[in-house]
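To start, the structure under review is shown below, and the notes come after it.
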Amino acid sequence: ERQLVESGGGLVQAGGSLSLSCAASEFDFDDYNLGWFRQAPGKEREGVICISGRDGTTYYTDSAKGRFTISSDNAKNTVYLQMTSLKPEDTAVYYCAAAHRPVYLSSWYWPSEYDYWGQGTQVTVSS
């Protein structure tokens with residue numbers, strides 16, 4: 001059974017760093033695009049950053065640019081999200097997601113493009 005399990009969330013002060021992991025079971029990373037999304041209370045789920053399993057192309061939002069990095073370890077079937085210079089507005093539940101289809105600059109951030117989701121991990125940034 002294909003499964004995504006996030007870990008690494010927690011409480012961090014503004015300006016700090018945090019790394020999230022997403023362990024993927026029964027996935028061939030070459031066939032999937034892997035993304036990180038987040039959802040703050042009262043807000044819609046939004047894309048943060050994505051990596052193409054086929055060629056490693058990375059897509060990210062303006063809020064993630066320069067602060068967040070996505071990487072994957074195919075041998076460990078794990079995707080990572082490294083977050084630096086965290087801000088209180090980064091507070092949200094972070095989700096790992098996998099899309100078994102091509103993703104594009106115009107659509108990678110749509111939750112509907114993704115077929116599998118993890119259960120989420122809470123990230124809280126205090127001011």
Side-chain angles (χ1 to χ4, degrees):
E1 179 183 358
R2 293 187 178 90
Q3 193 174 18
L4 300 170
V5 179
E6 304 95 336
S7 61
L11 174 65
V12 63
Q13 288 188 332
S17 300
L18 201 62
S19 292
L20 307 182
S21 299
C22 173
S25 302
E26 305 296 328
F27 283 92
D28 183 343
F29 277 14
D30 289 342
D31 294 334
Y32 286 83
N33 300 288
L34 303 160
W36 286 94
F37 285 72
R38 67 186 182 186
Q39 188 166 18
K43 294 188 176 181
E44 294 186 353
R45 192 168 299 189
E46 62 176 3
V48 177
I49 196 167
C50 169
I51 186 168
S52 166
R54 185 180 61 180
D55 61 13
T57 300
T58 301
Y59 304 94
Y60 45 84
T61 59
D62 287 342
S63 65
K65 186 178 182 180
R67 300 191 302 128
F68 293 3
T69 303
I70 188 171
S71 61
S72 64
D73 185 332
N74 288 17
K76 295 183 177 180
N77 259 33
T78 301
V79 183
Y80 304 96
L81 176 63
Q82 295 171 301
M83 304 182 290
T84 63
S85 302
L86 283 162
K87 307 173 183 179
E89 51 263 44
D90 293 317
T91 295
V93 177
Y94 282 71
Y95 298 90
C96 175
H100 194 203
R101 70 194 72 184
V103 292
Y104 303 100
L105 182 62
S106 60
S107 63
W108 69 267
Y109 47 86
W110 295 348
S112 59
E113 291 293 298
Y114 294 78
D115 307 293
Y116 301 93
W117 292 85
Q119 83 289 350
T121 185
Q122 176 71 46
V123 172
T124 303
V125 184
S126 63
S127 57

Step through the shown structure and confirm whether more than 12 heavy atoms of other residues, nucleotides or ligands are within 6.0 Å of OH on Y60. no

More than 12 heavy atoms from other groups under 6.0 Å of CZ on R101: yes

To the nearest 0.5 angstrom, please state how far the [atom1] atom of [X] sits from the [atom2] atom of [Y].
X: D115; Y: F27; atom1: CG; atom2: CZ; answer: 8.5 Å
X: F29; Y: L34; atom1: CZ; atom2: CG; answer: 5.0 Å
X: T57; Y: N33; atom1: OG1; atom2: CG; answer: 9.0 Å
X: Q13; Y: S127; atom1: CD; atom2: OG; answer: 9.5 Å
X: L20; Y: I70; atom1: CG; atom2: CD1; answer: 10.5 Å
X: S17; Y: M83; atom1: OG; atom2: CE; answer: 9.0 Å

Please identify which of these residues, E44, E89, E46, meets the salt bridge (charged side-chain N to carboxylate O under 4.0 Å, His left out) condition with R38. E46

Checking the side chain of [X] only, and the main-chain atoms of [Y] only, is there a donor and an acceptor separated by less than 3.5 Å?
X: N77; Y: S25; value: no
X: Y114; Y: W108; value: yes
X: E6; Y: G120; value: yes
X: T91; Y: V125; value: yes

Taking the side chain as every heavy atom from C-beta outward, state whether W117 and R45 have any atom pair closer than 4.5 Å. yes

If hydrophobic clusters are built by linking Ile, Leu, Val, Met, Phe, Trp and Tyr wherever their side-chain heavy atoms come under 4.5 Å apart, do [X] and [Y] end up in the same one?
X: V93; Y: V79; answer: no
X: Y59; Y: V48; answer: no
X: L81; Y: L18; answer: yes

If a pair satisfies ring-ring contact (aromatic ring centres under 6.0 Å, His included) and one of its residues is in residues 64-102, list it, with sequence neighbours excluded. Y32-H100

Which residue pairs pass the disulfide (SG to SG under 2.5 Å) test with at least one member in residues 66-127, sequence neighbours excluded? C22-C96

How close do [X] and [Y] get, counting heavy atoms only, and between which atoms?
X: S21; Y: T78; result: CB-CG2, 4.2 Å
X: E113; Y: S107; result: CG-O, 3.4 Å
X: S126; Y: L11; result: CB-CD1, 4.2 Å
X: W110; Y: S106; result: CZ2-O, 3.7 Å

Stepwise side chain to side chain contact (heavy atoms under 4.5 Å, CB included) test for D30 and N74: CA-CA 8 Å; D30 289 342; N74 288 17; 3.7 Å; yes

Once disulfide bond (SG atoms under 2.5 Å apart) is applied, do any residues pair with C50, and if so which ones, sequence neighbours excluded? none

Do D90 and R67 meet the salt-bridge criterion of a basic N to acidic O distance under 4.0 Å? yes

Indicate whether the side chain of T84 and that of Q82 have a donor and an acceptor atom separated by less than 3.5 Å. no

